[in-house]
Asks: 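Attaching a single structure in structure tokens format; questions to follow.
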Amino acid sequence: MNKFFHCLCAASAIAASLFISEPAAGAAKDSRAEMDTFIGNLMADMTIDEKIGQLNLCGAGDIDTGPVAQSNIASRLKRGEVGAVLNLMGADRIARLQKYAVENGPHHIPLIFGLDIIHGYRTIFPIPLGIAATWNLPAVEQSAAIAATEAGHDGLSWTFSPMVDICRDPRWGRQAECNGEDPWLSSEIAKAMVRGYQGDGSFDDDGRILACVKHFALYGASEAGRDYNTVDMSRLQMYNEYLPPYRAAVEAGVGSVMSSFNTVEGIPASGNRWLLTDLLRGEWGFGGFTVSDAGSIHEMRAHGMGDMYDVAVLALKAGLNMDLGSEAYTTQLRRALDEGRVSEADIDLACRRILEAKWKLGLFKDPYKFCDAKKAEKLIYSPEHRRTAREIATQSMVLLKNEGNLLPLQKKGKIALIGPILNSREEILGPWSWCADSTLYTPIIDVFRKRIGDKAELLYARGAEYIDDDPRQIGSYLFERGHRIQFHPASEESYAEALKAANEADVVVAFLGEHSLASGESSSRTSLTLPENQRVLLRRLIATGKPVVLVNFSGRAVVLDEESRTVPAILQAWMPGSEAGDALFDVLFGEVNPSGKLPVTFPRNVGQLPLSYNALPTGRPASDDNFHKYTTVCYTDSPNSPLYPFGYGLSYTTFSYSPVRLSGDTMDADGSLMATVTVTNTGKREGIETVQLYLRDPVASISRPVKQLKGFQRINLKAGESRDVTFNITPEMLKFYNSSLEYVAEPGQFIVMTGPDSNSLSSATFTLRP
Ligand code: BGC
């Protein structure tokens, strides 16, 4: 039987079993009433155990993303104990399991297949923090759309992305997965990602999948940057700074929300009714379904919320619809119903949300809608997708320093390329790239050799290692997930080999930094400098007297204090993804002018953390960054200022900014105002600049941040070209949550700031009239 014939049969079988007429074409276009009738009829026929089964998301075993109970899926499908499946890959394999579910399950209900498609499926984009560094929202959307179309033809209908946790502490390894420290930028990215994954939300288009915003909520504020740790935060800070990106995703129509591991006001997110019901559904109007993070229901036992029975009840009552990996619902809810701790209506509500998602995805009409192995093969890692990934990778790179215009490199003479990442197909990818097929990708060194041809001689040496000779430096995480990495300590021989290459070369490029899997989940660090063996190597390379460029790979903001003083040129490359080689060649040799801007503050040292540009003022401000006793600049061993501020990034050309000009000095409550700045390309080549707008409300009913990003424009200027960049400031942009949690703009003075980063701004003021 061919696939399409089978689909029709399966769909008719489902419809027939429910005694309803087959849905009209375009399931998602069908009216709400039609969906309600369909699901109402279906649920009327389902047993309580089957309904509980729909709430269960269980692992199928291709990938291990954490301590999730694996299951004997076939027999469970037959008993109707599974609503969705996690971590199975491949259109044919998924279609087989789907077939089993729709043919053998008690009511032939199709499964949702989910997986963490975080920064690409097989075409791997830079890590999300790198994508954020592009400040290019159409590109962000495109990266999600490409991930969706590759995965969405290869069987998958659901991704656990976007991750929009605000993170101001790069000790937390999951900074790699987020959009940085800023609520507004992260909100814009959240919307773009949801659009990219879900399209217009009808799922009529081929290759759109369900998105899941995570981790709701506040996970990025884990104390001390330690994963899974406590969060305790005022509602004011939540509403003004940490919640906006989740809300933006909800307003963009995200279909699902994943709860976080941490507590929110003392109650774990997965059992927090205020969070999952009052706020998410009551205040924000979320209409999709909620899912726990992996095992986060049963983990509530360790949080002190009772035994498995208690936490299952707590979660369901809180509004958590689907259990990822705890088997708390499947094992406890029946008894809880019998004993009156939960009602049938509680179970029905959760089940309905999940069935609605299946309906909206079009799975009742065609359970195999996402399985098209032939098309997947054509789409996956296609030249077009690779081109986009390469462009995005070039745009993600941030030029931190370029003394004497050392970069771009000339394609001539002898160039020493040194570093452990150069010869690898995997270490370019970054964490959360489970679906990658590293056999497809080309190591950086091979790309460089091919592209440089005979124009220059490349000398290559590994030089150093990712970690020092200390076994505690590799988290057990790397071992648990099948990535058994054997690190050898850096040796005098490897230094010698690198120094020999450096001594022979005209210029040295050191590709150093973190291992691809040293950031991500369960990968916190207390030291953020380069590993000591890499620093030793770098010092020795510098001592050769040859010009040295540092290309830094990291899944987070790191400490480059020493290097910022000793190395003339630094390029922050994040984890660039599958097209790393070409993207790096493009940027280092000047075929593409770097344009990335930091979405996170780079600290001078770990002691400054947490650190972000948008802090509240203190009562003891200081006029400069030098130590002043009894002022806020009171570290006796460090300034307060960052090494590289939020929004910062250089180019191979230079830009000058005029002072900001306002179209007036007052604004009516229903009016608006223009802020204009003239930006000139004062250098010798064309370049892209991201012009940033910040606002401050200096006198308000609550203390407000010293500045907040409220807009940006990414413009391209030819050498010598000038352009007026205008931002329209509206009262909406002046609003914040006051201490009664009302969203208001308070009349009075406002400061408008524009410039190339959060630290180099010109300002003007205006007054908002009552
Ligand atoms: C992570 C989530 C992820 C889930 C499923 C968890 O450990 O926190 O981000 O979506 O696993 O793989």
Side-chain angles (χ1 to χ4, degrees), residues 26-32 35 57 84 86 94 110-121 123 125 128 131 137-164 177 179 186-216 245-258 280-281 284-291 321-322 353-367 369-372 375-376 379 385 388 435:
K29 282 210 192 93
D30 293 334
S31 66
R32 171 98 213 174
M35 176 176 80
L57 166 58
L86 165 83
I94 289 177
L111 296 162
I112 300 178
F113 289 89
L115 204 144
D116 292 279
I117 305 146
I118 305 298
H119 51 115
Y121 182 66
T123 305
F125 295 91
I131 299 182
L137 298 173
V140 171
E141 181 173 339
Q142 214 184 349
S143 75
I146 288 175
T149 200
E150 289 193 4
H153 286 92
D154 210 22
L156 294 159
S157 39
W158 188 23
T159 177
F160 306 116
S161 173
M163 190 274 224
V164 301
E177 298 169 52
N179 310 315
S186 191
S187 300
E188 293 303 300
I189 293 175
K191 290 187 257 177
M193 297 285 287
V194 172
R195 282 196 303 270
Y197 288 131
Q198 297 192 163
D200 64 7
S202 68
F203 302 103
D204 283 349
D205 280 9
D206 235 16
R208 300 291 187 169
I209 59 177
L210 191 72
C212 180
V213 69
K214 69 187 189 186
H215 305 83
F216 192 58
Y246 308 105
R247 182 173 191 163
V250 168
E251 285 173 358
V254 73
S256 64
V257 172
M258 181 183 281
L280 183 63
R281 297 197 189 270
W284 297 356
F286 174 63
F289 73 94
T290 53
V291 57
N321 306 142
M322 189 182 267
R353 305 268 186 221
I354 292 154
L355 294 174
E356 282 175 358
K358 294 182 178 186
W359 169 275
K360 288 176 192 158
L361 281 166
L363 287 169
F364 283 112
K365 181 156 190 292
D366 179 0
K369 181 177 162 186
F370 297 90
C371 305
D372 189 339
K375 202 156 173 201
L379 280 166
H385 292 178
T388 306
C435 312

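Being a predicted model, the structure only gives us computed values, none of them experimental. Note that the numbering runs from 1 along the sequence shown for the chain.
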Asks: Side chain to side chain contact (heavy atoms under 4.5 Å, CB included) with Pro128: which of His119, Met163, Met193?
Replies: His119
Asks: Got Glu356 and Phe289 here, is their nearest side-chain heavy-atom distance under 4.5 Å?
Replies: no
Asks: Taking atom OG1 of Thr388 and atom CD1 of Ile146, what is their separation to the nearest 0.5 Å?
Replies: 4.0 Å
Asks: Answer yes or no: is there a side-chain heavy-atom contact under 4.5 Å between Pro245 and Asn179?
Replies: no
Asks: Can you tell me how far the CG atom of Leu57 sits from the CE atom of Met322, to the nearest 0.5 Å?
Replies: 5.5 Å
Asks: What pairs with Asp206 under salt bridge (charged side-chain N to carboxylate O under 4.0 Å, His left out), at least two apart in sequence or on another chain?
Replies: Lys375
Asks: Ser143: what forms a side-chain hydrogen bond (donor to acceptor under 3.5 Å, both in side chains) with it, not counting sequence neighbours?
Replies: none
Asks: Quick one: list whatever passes salt bridge (charged side-chain N to carboxylate O under 4.0 Å, His left out) with Arg195, sequence neighbours left out.
Replies: Glu141
Asks: Of the non-hydrogen atoms in Gly253 and Val194, which two are nearest, and what is the gap between them?
Replies: C-CG1, 4.2 Å
Asks: Report the residues that fulfil ring pair (Phe, Tyr, Trp, His ring centres under 6.0 Å) with Phe160, sequence neighbours left out, ordered by chain and then residue number.
Replies: Trp158
Asks: Out of curiosity, Thr290 OG1 to Leu280 CG, how far, rounded to the nearest 0.5 Å?
Replies: 7.5 Å
Asks: In chain order, what residues pass the side-chain hydrogen bond (donor to acceptor under 3.5 Å, both in side chains) check against Gln198, with sequence neighbours excluded?
Replies: none
Asks: Tell me, please, which residues at least two apart from Ser161 pass side-chain hydrogen bond (donor to acceptor under 3.5 Å, both in side chains).
Replies: Tyr197
Asks: Quick one: are Lys214 and Asp116 in side-chain contact, heavy atoms under 4.5 Å?
Replies: yes
Asks: Under a 4.5 Å cut-off applied to non-hydrogen side-chain atoms, are Leu210 and Ser157 in contact?
Replies: no
Asks: Quick one, Asn321 and Ile354 - any side-chain contact, counting heavy atoms below 4.5 Å?
Replies: yes
Asks: Less than 4.5 Å apart, any side-chain heavy atom of Lys360 and any of Met35?
Replies: yes
Asks: State, to 0.1 Å, how close Val257 and Phe216 come at their nearest heavy-atom pair, and which atoms those are.
Replies: CG1-CB, 3.6 Å
Asks: Please give me the minimum heavy-atom distance between Ala147 and Gly120, naming the atom from each residue.
Replies: CB-CA, 3.8 Å
Asks: Please report the shortest heavy-atom distance between Ile209 and Gly152, naming the atom on each side.
Replies: CG2-CA, 3.6 Å
Asks: Any heavy-atom pair between the side chains of Ile189 and Leu137 that's under 4.5 Å?
Replies: yes
Asks: Can a donor-acceptor pair be found, under 3.5 Å and without considering hydrogens, that links the side chain of Thr159 to the backbone of Ile117?
Replies: yes
Asks: After noting the C-alpha distance and the side-chain angles of Thr149 and His385, does the key distance pass the side chain to side chain contact (heavy atoms under 4.5 Å, CB included) rule?
Replies: CA-CA 10 Å; Thr149 200; His385 292 178; 3.7 Å; yes
Asks: Between CG of Leu379 and CG of Asp154, what distance do you get to the nearest 0.5 Å?
Replies: 10.0 Å
Asks: Taking all non-hydrogen atoms of both residues into account, name the closest pair between Tyr121 and Ala151 and its distance.
Replies: CD1-CB, 3.7 Å
Asks: Can you tell me how far apart CZ (Phe113) and CG (Leu361) are? Round to the nearest 0.5 Å.
Replies: 12.5 Å
Asks: What's the separation between atom OH in Tyr246 and atom NE2 in His215, rounded to the nearest 0.5 Å?
Replies: 8.5 Å
Asks: Does a side-chain heavy-atom distance below 4.5 Å link Phe364 with Lys358?
Replies: yes
Asks: Locate the shortest heavy-atom distance separating Leu111 from Ala84; write the atom from each residue and the value.
Replies: CD2-N, 4.0 Å
